[in-house]
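Protein chains get the first letters and strands the later ones, always in sequence-line order, with residue 1 at the start of each. Below, all heavy atoms of this structure are taken into account, side chains as well, without hydrogens, waters or symmetry copies.
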Amino acid sequence: MKAKKGIYRFAAIEEKWQKRWRKDNLYQAVDFGKRANKFYTLVEFPYPSGEGLHIGHTFTMTGADIYARKKRMEGKNILFPMGWDAFGLPTENYAVRTGTQPQIVTKKNTDNFRRQMKKMAFSFDWSREINTTDPAYYKWTQWIFIQLFKRGLAYKKAMSINWCPSCKIGLANEEVIKEKIKTKSGKAREIEKYVDVCERCGTPVERRQINQWIVKITKYADRLIDGLEKTDFIEKVKAAQINWIGRSQGAKVKFPIASHSEFISESILNQVQDDGKGVVQDDIEEIEVFTTRPDTLWGATFMVIAPEHPVVASLLSSKFKVQSSKLKKIENYVGRARRKSDLERADLAKEKTGVFTGLTAINPVNKKKIPIWVSDFVLASYGTGAIMAVPAHDERDYAFAKKYNLPIIPVIEPLRSWDFNQNAYTDMEKGKMINSGPLNGLRPNQAIKKAVEILEEKKIGKRAVSYHLRDWIFSRQHYWGEPIPMVYCEKCAEKGITWWDTKEGKKLQSSKALKLKSSKQQKRFENLNLENLDLIRNLKLEIRNSSSPAGELAGWFPVPEKDLPVELPRVEKYEPTDTGESPLANVSGWGEVRCPVCGGPARRETDTMPNWAGSDWYYLAYVLAHKLNSLKSKVQSPKSKNIFVINKNVLDYWLPVDIYIGGDEHNTLHLLYSRFIYQFLYDIGAVPKDYPEPYYKRISHGVILGADGQRMSKSRGNIINPDKKWEQWGVDALRMYLMFIGPFEGTMVWNENALKGVARFLDRFKNIVLWSAKFKESPPVTDKDFLVVLNKTIKKVGSDLDNFGFNTAIASLMKLVNYLYESNINPNNKLITNKKVPPAFILSKENLERLIKLIAPFAPYLAEELWCEVLGNKFSVHQQTWPTYNKYLLEEKMNTIVVQVNGRLRAKIDIERSIANDKDAVILRAKKNSKIKRYLVGKKIRKVFFVSGHLINFVVE
RNA sequence: GCCGCGGUGGCGGAACUGGUAGACGCGCCGGUCUCAAAAACCUGUGGUGGUAACCCCACCAUGUGGGUUCGAUUCCCACCCGCGGCACCA
């Protein structure tokens, strides 16, 4: 593609300066120095896809780059790094399709991305480039996982996951998309319905039970909320995180399981076991519920438990005496629920379904017997997996009660007349408690307090908090990810040997403790490899009953830290198997290892980590980047400390990240995960103690839509390729256009016409410098207003850049150029160009330099060319200091005072600055104004408002 | 339903803690240069109305309807629309 006409020859200068910048390593951050001077500017690192840099990347990074460049010119020690979040499905899919190793594809893609970023003149410190797929990098990703495990924050559990029957692969939640489908109901009416489908092939997903590693992020739920107070994140990001975590205050209440009562309607009565007792067996004697409204306890007329609730399992294993026909029904219902996708279960439009269990419970506050139902509208994963239903005051409970003819008892008296046969009354703040024994007459807010007091006093419940946030499913059955560094030993598992870092576990660290307390324990350790005694001490082993909560972890041990990283083996085939195992399970030899505890044969974990794992700590990796690589070759002794502790002083210097620029799509997942991991590292002393959060400030960047106003995508064909754009317009014009198109946080539509505008501007800017430079021997000529305009512009551009107001900063630069340009037009409207005639203005070298410095962050190539080649200055403009303004020069000689009459603008008058702040003088002058006279004549002035130096408003009758 | 953000000319967008609404750019109208076109450059450009016309003047305009205020795009109340996120969370 040919360059557009009328634009300076950018291609040549771009090439020239790029080479020079690379050679001089212009943008390296310096570890250490004055701490107040450091400034860590972080922009989210990309996934290096085969398509190359997306225009959205160039947009975000240009903003970040301009910001970093300006701060750097202000003398800050800027850390502005870049790297690659390179594990991921597209690369793996490409590998599956073509048989090319993902490592090779990644290399190719990152090379391309790097080339494009350098072309865009992003001032990254390339010496700190990192790549999450580099073994030297993921060694520490694995190390972090091991620390999580050692502190009891990782466990293994059978989880229901999404399974694509076509791709034969387990899908992460992010890999499942919602799709609207239309189905026909009985009356041939079309209903829209959402189903979960596989992101890649569109096949509806199924549910499968798979053993997964889970990370207990929920343990940090409170801190993830409360920690936000210390940060300077923009409001919407904080809100998104708080929302996602979803903390609710309430109470947990225990409902004993009993039998039927007078309370239950006729139809239900018939279904209930009639002996009325003896239904309770074994350990399950009560069902605990979580409620945010303990004040409505007296209105609980039935209970509903989730299909996954343990009581259901007990029922089905005939622990309770329930008719077998009923059991069958329950079994059917539960089976159906299990096969439903999350989305189907969550479909609000659908009618609620459920079955009666045949069991009753006792409402502990009023001793009434209430039936227990099973329904899939109750989620096993939230609260306790069981609810008390208060149909009078909850719409879901109400719908359920109506459908199954269950009693509805109001406990809050509505303020207006209300028909409980029609609707639930959910206006919970208003009204008075009724039918609620000791709570009667209270307002609901007081009643909540009182109810909790009663619960705690009678020991039937207590205050409790519940979260929407779920624990983090950490296993992926994919090839292209970090191997989870765990080993499973069947023999040890049989003996119930578990790694367990509890207080008891620590006792075992001493060799005395290893002499073991009982013969039972002695027996368990009998076959242990004594050579591993040290290791055992290190591992903090403990023997546990395999049916204890740690039972699922019996036999699972982390790979010894000295053996990290567990490298991803090179394989021929990347396809997953039908069994839902990772392709690593098929690599012969790789999975077979020695048990680090008993020395016997053991198996590696073959699942890999989710994408988020590598990006959890990448901002730390940049700080450590130089160390990361040097450790690669060294064999570490098992006693050596970890990289974080060794390099504490560098981390101390750079952390926290001063500003983190990223997309809203990461507000809940990446941002939350990485904050969690940071807080965890903080707890184990791996990162500095003075600030418990990784990022000080977070701002969101905007999105650029295609020219059609739609999200850019291959299928829509509206993708903008940055390579093509800079070939046409030049990098500087592209950069300025991207920043000029709209506010940095906004949603913008690609509009090629506007590119013309900034290209024109750059050309004019160049002309201004050329004209004056041509007459550098002559004394400078400017008018008296020029310095005012220049100083104003310096101030405006500076403050705009600090606030990411790139579009307005550019507007003010344009204004300045227009001002100079217009002054160079002679009376015949002829432009004085580089003829022999001097321009109206000849700017001094000093002022030309200030102009060029102002534009340097935006247009680094042109600025360098003008600085070095036109002005003949020393390389490089990007190492100059940011221009300052003289505040005394900002004020013009004359002030324009706005004169209003009754708040309406009637005139503007120019007044000397010396008296513009003098109310009486201004009034006098305004009254003299002929226009104003017209409005004041014959009127009585009641009041005069005066904004000093700016505005005057006469209020007349 | 809940949370967040937004609604300003033909278009993208400006407007500091309430104080000249429409900066800057695109587009468009007219002009300069040219054989012509492109490029470049200059002028004008929210709407309606008044005057033969210019200067000018008046009125109406920031999603809708109210309110507070000398004065509201900005603050308050109610609503409408759009975008993004979450969503049977007890």
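Comparing the C1' positions of B:U62 and B:U74 gives a spacing of 10 Å, expressed to the nearest Å. Taking the P atoms as reference points, B:A15 lies 13 Å from B:G22, given to the whole Å. Separation of the C1' atoms belonging to B:G19 and B:C80 is 30 Å when rounded to the nearest angstrom. Distance noted for atom P between B:G4 and B:U43: 47 Å (whole Å). A gap of 13 Å separates the C1' atoms of B:G13 and B:A21, to the nearest Å. With C1' as the reference atom, B:U45 and B:C26 are 13 Å apart, rounded to whole Å. B:G27 and B:C83 have their P atoms separated by 29 Å, with the value rounded to a whole Å. One P atom belongs to B:G65, the other to B:G9, and the distance between them is 15 Å to the nearest Å.
Between A:Tyr382 and A:Ser248, the side chains place a donor N or O and an acceptor N or O closer than 3.5 Å (distance only, hydrogens not considered). Looking at A:Thr218 and A:Tyr467, their side chains never bring a donor and an acceptor atom within 3.5 Å of each other.
Residue A:Lys931 is in sugar-phosphate contact alone, with no base atom involved, counting any heavy-atom pair closer than 4.0 Å across all strands shown. Residue contacts shown for A:Tyr935 are limited to sugar-phosphate atoms, with no base heavy atom under 4.0 Å away. If you check every strand for non-hydrogen atoms under 4.0 Å, A:Lys236 touches sugar and phosphate atoms only. A:Leu379 comes within 4.0 angstrom of a nucleotide base, judged by non-hydrogen atoms across all strands. Counting any heavy atom pair closer than 4.0 Å across all strands shown, A:Asn243 reaches sugar-phosphate atoms only and no base atom.
For A:Glu229 and A:Lys238, the salt-bridge test fails: no basic side-chain N is under 4.0 Å from an acidic carboxylate O.
Checking the phosphate oxygens (OP1, OP2) of B:A90, a side-chain nitrogen or oxygen of A:Ser248 falls inside 4.0 Å. In this model, the phosphate group of B:C59 is approached by a side-chain N or O of A:Arg906 to a distance below 4.0 Å at OP1 or OP2.
Shown here, B:A52 forms no base pair; nothing in the strands shown gives a Watson-Crick or G-U wobble contact with both key distances under 3.5 Å. Across all strands shown, B:C88 remains unpaired; no Watson-Crick or G-U wobble contact has both distances below 3.5 Å. Using N1 to N3 plus N6-O4 or O6-N4 for Watson-Crick, or N1-O2 and O6-N3 for G-U wobble, each under 3.5 Å, B:C83 pairs with B:G4. Base pairing analysis places B:C59 opposite B:G47; the two distances defining the Watson-Crick or G-U wobble pair are each below 3.5 Å.
A:His666 places no side-chain N or O within 3.5 Å of a backbone atom of A:Leu671 that could act as its donor or acceptor partner.
Residue A:Glu395 places its CD atom among 12 or fewer non-hydrogen atoms of other residues, nucleotides or ligands, all under 6.0 Å distant.
Anti is the classification of B:G84, since its glycosidic angle lies more than 90° from 0.
Side chain of A:Tyr821, nearest nucleotide from B:C41, B:G13, B:A90: B:C41. Among the nucleotides B:A58, B:C60, B:C70, the one closest to any side-chain atom of A:Arg904 is B:C60.
Across the protein-nucleic acid pair, A:Asp910 atom CG and B:U20 atom P stand 16 Å apart, rounded to whole Å. Atom CD in A:Glu395 sits roughly 13 Å away from atom P in B:A90 (whole-Å rounding). Rounded to a whole Å, the CD atom of A:Gln241 is 14 Å from the C1' atom of B:C3. Rounded to whole Å, the distance from CD1 on A:Ile923 to C1' on B:C70 is 13 Å. The interatomic distance linking A:Lys252 (NZ) with B:A90 (P) rounds to 14 Å, in whole Å. Summarising the geometry, the separation between CG on A:Leu890 and C1' on B:C16 is reported as 14 Å, rounded to the nearest angstrom. Atoms NZ (A:Lys933) and P (B:C57) sit 16 Å apart, rounded to a whole Å. Rounded to whole angstrom, the span from the CH2 atom of A:Trp373 across to the C1' atom of B:A90 amounts to 18 Å.
Taking the ring centre of A:Tyr821 as origin, the terminal cationic atom of A:Arg764 falls inside the region bounded by 6.0 Å and 45° from the ring axis.
Below 30°, between 30° and 60°, or above 60°: for A:Phe804 and A:Phe806 the angle between ring planes is above 60°, a perpendicular geometry. Ring geometry for A:Tyr673 versus A:Trp472: interplanar angle under 30°, hence parallel rather than tilted (30 to 60°).
For A:Tyr467 and A:Lys943, each mapped to the nucleotide of RNA chain B holding its nearest heavy atom, the one lying further toward the 5' end belongs to A:Lys943. Mapping A:Ala386 and A:Leu951 onto RNA chain B by nearest heavy atom places A:Leu951 closer to the 5' end of the strand.
Aromatic ring centroids of A:Phe744 and A:Phe59 lie under 6.0 Å apart. Here the two rings, on A:Phe400 and A:Phe377, have centers that are under 6.0 Å apart.
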Report all interatomic pairs (protein N or O, nucleotide N or O of nucleotides 21-29 of chain B) with separations under 3.5 Å.
from, atom 1, to, atom 2, distance (Å)
B:A23, O2', A:Lys815, NZ, 3.1
B:G25, OP1, A:Asn818, ND2, 2.9
B:C26, OP1, A:Arg760, NH1, 2.5
B:G27, OP1, A:Lys756, NZ, 3.1

